[in-house]
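Structure, as C-alpha cells:
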Amino acid sequence: MQPYRIYLVTSFKVRPGKGPEARKWWREKGAPDIVSKPWTKSLRCFAAQFGLGPDYYLEAWQEISNYSAMDQIDQWFIDNPKEGEAYAKLWREGEEFFDWGPTRLVGDWPESSILPD
C-alpha cells in the first residue's frame, strides 16, 4: 500500500487584465514561498479546462507531510513573528493579481482505486 497523502487545496482566479503579472508573481514569489516551507512535500497547480469549473478556476495542491503540519504551521507563526509578517505581506501583495477562494484539506481515498498495487 502506498503512503497516505494529504493536501491543502487553495482555489483562486486571476484578476481581470492581470494575467502576465500574475504568472510572473506566482513563478517568482508565490510558488517558491510555498515549497520553501518545511511542512510542504510538493506543489501542483491545476486549471479548469474548457470552462468546466467553478468561479475559482485555478487550484494549488500543496502536499503536506501529515496532519500535524497544521500545528506546525501555527507554531511557525508563533516562533517566527518577523518571517510571519513577511509571509503575510507577500500574500497580501498577491491580492493585486489574484482573487483567493476557499481552501480545503483533502486526502487520498485508497478505496477508490481498482488498479493493482
Side-chain angles (χ1 to χ4, degrees):
M1 186 169 134
Q2 295 180 351
Y4 187 75
R5 296 173 302 186
I6 57 176
Y7 302 88
L8 280 174
V9 181
T10 302
S11 303
F12 57 106
K13 62 184 173 184
V14 176
R15 289 187 181 263
K18 297 287 185 172
E21 298 95 336
R23 187 172 23 258
K24 182 177 182 349
W25 184 90
W26 180 257
R27 286 185 177 165
E28 293 178 3
K29 296 181 179 182
D33 181 66
I34 293 170
V35 298
S36 73
K37 300 300 183 264
W39 51 80
T40 301
K41 291 180 71 175
S42 67
L43 176 67
R44 305 256 338 248
C45 293
F46 300 94
Q49 303 294 305
F50 306 112
L52 299 173
D55 289 338
Y56 296 95
Y57 52 85
L58 297 169
E59 291 186 339
W61 285 58
Q62 176 187 5
E63 184 180 6
I64 57 176
S65 51
N66 52 45
Y67 289 109
S68 70
M70 304 306 289
D71 292 329
Q72 292 171 5
I73 293 167
D74 290 341
Q75 193 62 49
W76 182 84
F77 278 98
I78 293 167
D79 294 344
N80 302 287
K82 286 186 180 184
E83 290 90 345
E85 181 54 38
Y87 172 91
K89 182 180 178 184
L90 173 73
W91 290 95
R92 281 192 303 267
E93 177 184 307
E95 291 176 355
E96 179 181 342
F97 310 110
F98 299 101
D99 285 325
W100 306 111
T103 297
R104 63 191 191 277
L105 184 64
V106 300
D108 286 336
W109 187 35
E111 291 79 6
S112 68
S113 178
I114 59 170
L115 301 174
D117 288 336

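Note that this is a predicted model, so its numbers are computed, not measured.
- Using a 4.5 Å heavy-atom threshold, the side chains of Ile6 and Val106 count as separate.
- Side-chain atoms of Asp99 and Arg15, non-hydrogen and from C-beta on, do get closer than 4.5 Å to each other.
- At least one test fails for Lys13 against the ring of Tyr57: distance under 6.0 Å to the centre or angle within 45° of the axis.
- No continuous path of ILVMFWY side-chain contacts below 4.5 Å connects Phe98 to Val9, so the two sit in separate hydrophobic clusters.
- Tyr87 places a side-chain heavy atom less than 4.5 Å from the side chain of Lys37.
- Partner of Phe97 under the side-chain contact (heavy atoms from CB on, under 4.5 Å) criterion, out of Arg23, Glu21, Lys24: Glu21 alone.
- In the model, Trp61 has no side-chain atom that pairs as donor or acceptor with a side-chain atom of Glu63 under 3.5 Å.
- With values rounded to the nearest 0.5 angstrom, Ser42 atom OG is found 11.0 Å from Ile34 atom CD1.
- Under the 3.5 Å distance criterion, with hydrogens and angles disregarded, a donor-acceptor pair is assigned to the side chains of Trp91 and Asp33.
- Side chain of Asp108 to main chain of Arg5: a donor-acceptor pair is present (N/O by atom type, distance under 3.5 Å, no hydrogens or angles).
- Ion pairing between Lys29 and Glu93 holds under the 4.0 Å rule for side-chain N and carboxylate O.
- By the 30° and 60° cut-offs, the orientation of the rings of Trp26 relative to Trp100 is tilted.
- In terms of heavy atoms, Gly53 sits closest to Ala48 at CA-CB, 3.8 Å.
- Judged by distance alone, with hydrogens and angles left aside, the side-chain atoms of Thr40 form no donor-acceptor pair with the main-chain N or O of Ile64 at under 3.5 Å.
- Taking the six-membered ring wherever Trp is involved, the centroid distance between the rings of Phe12 and Tyr56 does not fall below 6.0 Å.
- Contact of the Glu83 side chain with the Trp76 side chain is registered, since non-hydrogen atoms from C-beta on lie closer than 4.5 Å.
- Side-chain contact between Pro32 and Arg27 is absent, with no heavy-atom pair separated by less than 4.5 Å.
- Side-chain contact between Met70 and Trp39 is absent, with no heavy-atom pair separated by less than 4.5 Å.
- Distance check, rounded to the nearest 0.5 Å: OG of Ser11 to CG of Leu58 gives 9.0 Å.
- By the rule that hydrophobic residues join a cluster once side-chain heavy atoms approach within less than 4.5 Å of another member, Tyr7 and Ile73 end up as members of separate clusters.
- Linking Ile, Leu, Val, Met, Phe, Trp and Tyr whenever their side-chain heavy atoms come within less than 4.5 Å leaves Val35 and Phe46 in two separate clusters.
- Heavy atoms of other residues, nucleotides or ligands lying less than 6.0 angstrom from CZ of Arg104 number more than 12.
- Here OG1 of Thr10 is found 7.0 Å from CD of Gln62. Values are rounded to the nearest 0.5 Å.
- Here the shortest heavy-atom pairing between Leu43 and Ala60 reads CD1-CB, 4.2 Å.
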Full working for salt bridge (Lys or Arg N to Asp or Glu O under 4.0 Å) between Arg92 and Glu85:
CA-CA 10 Å; Arg92 281 192 303 267; Glu85 181 54 38; 3.0 Å; yes

